[in-house]
Novice: 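Please find one structure pasted underneath; my questions will follow.
We count ligands from 1, going down the list as the structure has it; atoms in each ligand are counted the same way.
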Amino acid sequence: MFRQTKRRTLGRRNFEDSKGSHIYAGNASMKNKELLETIYSNRLSFYSVPPFEEITLDEFEKWALDRLKVLIEIESSHLRNKTMKELESSIKPILEKHLPLSTNTKDLNQLVAERRKDHYSHYILRLAFCRSEDLRNRFVRAESTLFKLRYKMLSSQEQKQFINGLHLPWEAVNEEEKQTHFEQLLAACTVPIRGILSQETNVVVTNESVRAFCAKEQFLKVPFEFIPDLVSSHSIFMHKGFGYVPQFQQLSLIANQFVSQLTESLQITVRSIPKLDEDDRLLPVLNHISKGYIANEYQSNFKDGDADVGDINAETVQSKSVSQHYPLCMSHLMKGLNQEHHLKYLGRQQLSLFLKGIGLSVDEALKFWSFNFTKGPMNLEQFNKEYRYNFRHNYGLEGGRINYKPWDCHQILSKASPSRDEYHGCPYRDLTSEKLTMELNKMGITDQYDVNTIVDNSSRGDYTNACTKVFELTHKKEIEIATQKTKFDLSLITHPNLYFDRSRKLAKVVEETS
Ligand code: SF4
């Protein structure tokens, strides 16, 4: 899979396509059709066969980062205590964008390309995340959730085909055998089926409905050593050393198998890492990936003269209608500016670039800053002499004429924490638990469980998760309305301007609906 030197790579005939087309290194005659009949026969995989083709370094990094975006969102959803159903709805659009797995009805080349990307990206992340126990555990947890989500997306035919393709000593119970043991199967499953039915329907669960559910259920015959938990809890029917596992319990059974195989494989992968230490191209990429940082993709909708930002001016940026959409870091900076009539360099940069990102033009920015700085002892002449250049510079009108972008959370968190009289940074990192709790209360978050979740996330260093959780709690009603109407992006917030845009967009959807 990995080439040893750049020179060898460039010299290879099978790499002549600059777009990075794939020609099978192991078996040049293997066609996409054959791949679909062998290792890519199902959308879902246990990733038992390691990659065997060459890929470019660009693909290596891009595919890994795309998968990482999905796994980070899963991990972040776990940290925000999302239910499986909520997680499902937030992950599906991200999966479709970064790691789609189409059904067999699409064209073959596309199917192979998608499954290859899924396959290779999984193995690349194995390399990046096998280095420590903590990274391994995080990877296994996120991958097993992804596996479960995808299993649920399969049709029952695909699920059946997938289980058969695993070549585990399990077999589907045929109709004849099911009828022979039907009463015992029903007796063993009655309690969990009642639970499922009472959750799914509002009608009273009767013996007939339980019987009908059981009659439709597919069972798997599994050797007892694979299911010690189910055997010891007497929750399934046992016969001649086999447990009869109903369909509704099969996912956790298969997921457990996935987890144990992946955990074992990661132990093996970590032993191959020293061989990679000689490769000066892959290691930096893997180190970068394992730190979990993804270059932020946020793009502001703002363009100079954009009509949509017409309401953003020197006055409105401090009005409730606009400032209600600010994340905590920006409200904190505004508060500091009001108190001090001044902000030190990092605070000025953080707030000024944020305001530029939401659509404040340079003229309005100069009005806003001069107005606020001259509320104290400073006069306009001093402002023009000492600060005008700085703000014009941020808009690319002075010095190197670089059009600076608003800082994302990663950039903000990479700066030193604020000292006394400074207001920059991220309050989820910089405020004490007591002060943060007070801020949360002011935002209307008073439920002790919610407050504890946010404070815990912050003290663990999961600042963007804490911020996203706050967004979800403070926009609960709007999210409910918007998600009924349209697919709404609720992924992790990693940029203050993303927080602002998302909040404003929600308000707009609600306004249109009402
Ligand atoms: Fe601001 Fe990002 Fe911190 Fe939220 S997580 S407060 S957007 S820096």
Side-chain angles (χ1 to χ4, degrees), residues 69 72-73 75-77 79-80 291-302 317 322-337 343-360 404-419 422-433 435-445 450-451 453-476 479 489-507:
K69 283 171 195 159
I72 282 181
E73 191 53 40
E75 190 176 50
S76 146
S77 299
L79 289 168
R80 286 182 274 144
K291 280 184 193 135
Y293 173 62
I294 297 171
N296 207 288
E297 278 187 345
Y298 169 77
Q299 290 276 328
S300 171
N301 298 328
F302 162 71
V317 287
V322 174
S323 65
Q324 64 176 330
H325 303 297
Y326 291 172
L328 189 54
C329 52
M330 298 305 160
S331 318
H332 193 63
L333 278 161
M334 280 289 190
K335 203 169 117 192
L337 179 62
L343 283 178
K344 292 198 175 165
Y345 178 70
L346 287 175
R348 284 201 305 272
Q349 292 300 97
Q350 189 175 328
L351 183 59
S352 144
L353 293 172
F354 167 79
L355 293 175
K356 177 184 168 189
I358 69 170
L360 189 69
Y404 292 97
K405 285 187 176 165
W407 290 351
D408 65 17
C409 302
H410 181 77
Q411 273 173 294
I412 292 171
L413 286 160
S414 67
K415 311 276 182 248
S417 295
S419 52
E422 284 188 314
Y423 295 86
H424 66 270
C426 172
Y428 298 101
R429 176 193 63 177
D430 302 323
L431 295 185
T432 60
S433 301
K435 279 197 177 155
L436 181 58
T437 306
M438 275 164 57
E439 290 294 338
L440 295 176
N441 291 166
K442 276 190 222 159
M443 285 190 262
I445 302 170
D450 291 335
V451 172
T453 307
I454 296 160
V455 173
D456 284 353
N457 274 336
S458 302
S459 45
R460 263 201 312 266
D462 296 320
Y463 311 118
T464 47
N465 280 310
C467 187
T468 312
K469 180 82 188 165
V470 166
F471 183 92
E472 287 168 353
L473 290 169
T474 50
H475 295 77
K476 213 169 182 174
I479 290 172
D489 177 17
L490 291 171
S491 56
L492 186 70
I493 290 172
T494 52
H495 201 302
N497 291 68
L498 175 62
Y499 188 109
F500 178 85
D501 284 359
R502 196 178 283 178
S503 177
R504 270 197 122 190
K505 205 169 161 194
L506 272 177

Novice: When you compare the side chains of Ser417 and Asp430, does any donor N or O come within less than 3.5 Å of an acceptor on the partner?
Specialist: yes
Novice: Can you name the side chain to side chain contact (heavy atoms under 4.5 Å, CB included) partners of Met443, sequence neighbours left out?
Specialist: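 Counting only residues at least two positions away or on another chain, Met443 forms a side chain to side chain contact (heavy atoms under 4.5 Å, CB included) with Leu328, Tyr428, Leu440, Val470, Thr474.
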Novice: Test of understanding: with salt bridge (Lys or Arg N to Asp or Glu O under 4.0 Å), list the residues that count as partners of Lys505, not counting sequence neighbours.
Specialist: none
Novice: Look at the side chain of Gln350 and the backbone N and O of Gly425, then say whether any donor-acceptor pair between them is shorter than 3.5 Å.
Specialist: yes
Novice: Above 12 or not: heavy atoms from other molecules or residues under 6.0 Å from NZ of Lys415?
Specialist: yes
Novice: Applying salt bridge (Lys or Arg N to Asp or Glu O under 4.0 Å), name anything that partners Asp462, two or more places apart in sequence or on another chain.
Specialist: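 Here the qualifying residues are Arg460.
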Novice: Measure distances from atom 1 (Fe) of ligand 1 and count the protein N, O or S atoms below 2.8 Å.
Specialist: 1
